Amino acid sequence: MLAVFEKSIGKPPAELNLPSTGSKKSKSRQEIAEVFQILWPETILCNISNGNFMGLSHENESPLHPRSIVVMDDIFCMFIGTLENICELKRHYGLSRQATEAMVLIEAYKVLRDRAPYPPDQVVKDLQGKFAFILFDAKSHTLFAARDCDGGVDLNWGITGDGSLICSNDSNLMKEACGISCAPFPPGCMFMNGTGLMSFVHPLHKVRAIVHEDDDRQIGGVSFQVDLYTRLPSIPRSGSAANWADATAVEAE
């Protein structure tokens, strides 16, 4: 799974952009797409606009963590893993028995976008299973990504040479594309390009970035974790627009 979005859309947290200590430089979006297709020749590549794209390959797919990509109503969704409560979710959203996890995610997003009966963190918290997903609404340019609370499915994110956001389950590709400006996507967290990174398990606590250094005090990477000692003030919600746009969130700091 691979998704790459230009800086103005992806709006990656600044903490991902680490100074390079070696001669290896991160790659451009076009170069990343070429590398991905060389590594995975059977890739399904969806070109969105302005060089942004999402790609998925079924090569070496685990039966425990199947991969899927669905495009409906200009909404792109890539999903890895399984939802244990998918039957319940299909009934809740009025979907057919043939609906896949990615279809459920798209429907859940549309309900949030159009009616917002509850905050986004509650929607993701209701997903039971091992999963990671990336969803992009091409009409509103909304980006939505999350990883299950146990980190049962690999998902990484990083910043490319031109400041674009890249997400992938392939850690080797991430290092090739971003150098050290990448990190595991934190388990139990969700990211929306309009509100930033937040924990859906602990939505009222900050998610902080921790920079790692080696013995020579050279920066080697960054990770993100929930700060359970810092509580965010709750934000009153009234009306669907407030529910969707003003979800309690904070960019990692």
Side-chain angles (χ1 to χ4, degrees), residues 1-5 32-48 53-73 75-110 120-121 123-136 143-158 165-178 182-191 199-201 223-224:
M1 177 168 72
L2 174 67
V4 182
F5 297 96
I32 293 169
E34 292 172 354
V35 170
F36 189 65
Q37 289 179 299
I38 291 173
L39 292 174
W40 311 105
E42 302 300 322
T43 294
I44 301 170
L45 195 66
C46 296
N47 292 300
I48 301 172
F53 65 90
M54 298 171 71
L56 182 138
S57 172
H58 291 286
E59 294 181 57
N60 299 330
E61 180 176 289
S62 167
L64 298 177
H65 299 148
R67 308 165 191 158
S68 62
I69 183 169
V70 171
V71 183
M72 297 172 58
D73 301 325
I75 301 172
F76 299 74
C77 182
M78 292 192 298
F79 190 98
I80 299 181
T82 56
L83 295 176
E84 298 169 359
N85 61 333
I86 189 170
C87 293
E88 176 185 338
L89 293 169
K90 289 176 185 178
R91 289 193 296 269
H92 178 74
Y93 291 110
L95 298 173
S96 69
R97 288 184 294 177
Q98 289 73 35
T100 65
E101 280 87 352
M103 294 176 182
V104 169
L105 257 297
I106 289 178
E107 188 61 30
Y109 164 77
K110 290 168 67 176
D121 57 273
V123 174
V124 182
K125 194 172 183 179
D126 287 342
L127 304 177
Q128 300 173 14
K130 308 294 185 185
F131 65 85
F133 71 81
I134 302 169
L135 181 148
F136 181 68
L143 179 62
F144 188 12
R147 187 183 183 195
D148 74 83
C149 58
D150 295 324
V153 173
D154 290 336
L155 181 62
N156 306 277
W157 62 341
L165 174 67
I166 173 174
C167 300
S168 177
N169 64 322
D170 188 330
S171 59
N172 292 326
L173 174 64
M174 292 295 297
K175 292 176 183 177
E176 179 74 16
C178 306
C182 62
F185 191 93
C189 289
M190 54 183 279
F191 174 79
S199 167
F200 61 80
V201 180
S223 61
F224 296 83

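What you see below is based on every heavy atom in this structure, not just the backbone, and it leaves out hydrogens, waters and symmetry mates. This structure is a prediction, so every number in the text was calculated from the model and none was measured.
The shortest distance between side-chain heavy atoms of Ile86 and Lys90 falls below 4.5 Å. Contact check for Trp157 versus Leu165: side-chain heavy atoms found under the 4.5 Å cut-off. Side-chain contact check for Leu127 versus Leu89: some heavy-atom pair is nearer than 4.5 Å. Counting heavy atoms from C-beta outward, Asp73 and Ile106 have side chains that stay 4.5 Å or more apart. For the pair Cys149/Pro187, no side-chain contact is recorded, criterion being any heavy-atom separation below 4.5 Å from C-beta on. Side-chain contact between Glu59 and Pro41 is present, with at least one heavy-atom pair separated by less than 4.5 Å. You'll find the side chain of Leu2 reaches within 4.5 Å of the side chain of Phe53, heavy atoms only. In this structure, Val153 and Asn169 have side chains that are not in contact, with every pair of non-hydrogen atoms separated by 4.5 Å or more.
The distance from atom CG of Leu56 to atom CH2 of Trp40, rounded to the nearest 0.5 Å, is 11.0 Å. Atom-to-atom distance recorded for Phe133:CZ and Met1:CE is 10.0 Å, nearest 0.5 angstrom. To the nearest 0.5 Å, the span separating CG on Leu135 from CG on Leu143 amounts to 8.0 Å. Atom NE2 of His58 and atom OG1 of Thr43 lie 10.0 Å apart (nearest 0.5 Å). To the nearest 0.5 Å, the span separating SG on Cys182 from CD on Glu176 amounts to 11.0 Å. If you take CZ on Phe185 and CG on Asn156, they are separated by 10.5 Å, rounding to the nearest 0.5 Å.
Between Ile134 and Cys167 the shortest heavy-atom distance is CD1-CB, 3.5 Å. The minimum heavy-atom distance linking Met78 with Ala3 is given by the pair CE-CB, 4.0 Å. Nearest heavy-atom pair, Gly55 versus Phe36, reported as atom, atom and distance to 0.1 Å: C-CE2, 3.8 Å. Minimum heavy-atom separation, Ala146 to Leu155: O-CD2, 4.0 Å. Here the closest heavy-atom approach between residue Asn60 and residue Arg67 is recorded as O-NH2, 3.4 Å. Shortest non-hydrogen contact noted between Pro120 and Met190 is CB-CE, 3.6 Å.
By the side chain to side chain donor-acceptor pair (under 3.5 Å) test, Asp126 pairs with Gln122, sequence neighbours left out. Here Phe5 pairs with Phe136 under the ring pair (Phe, Tyr, Trp, His ring centres under 6.0 Å) rule; sequence neighbours left out.
The aromatic rings of Tyr109 and Phe144 lie tilted to each other, with the angle between the two planes from 30° to 60°.
No side-chain donor-acceptor contact under 3.5 Å links Gln128 to the backbone of Asn85.
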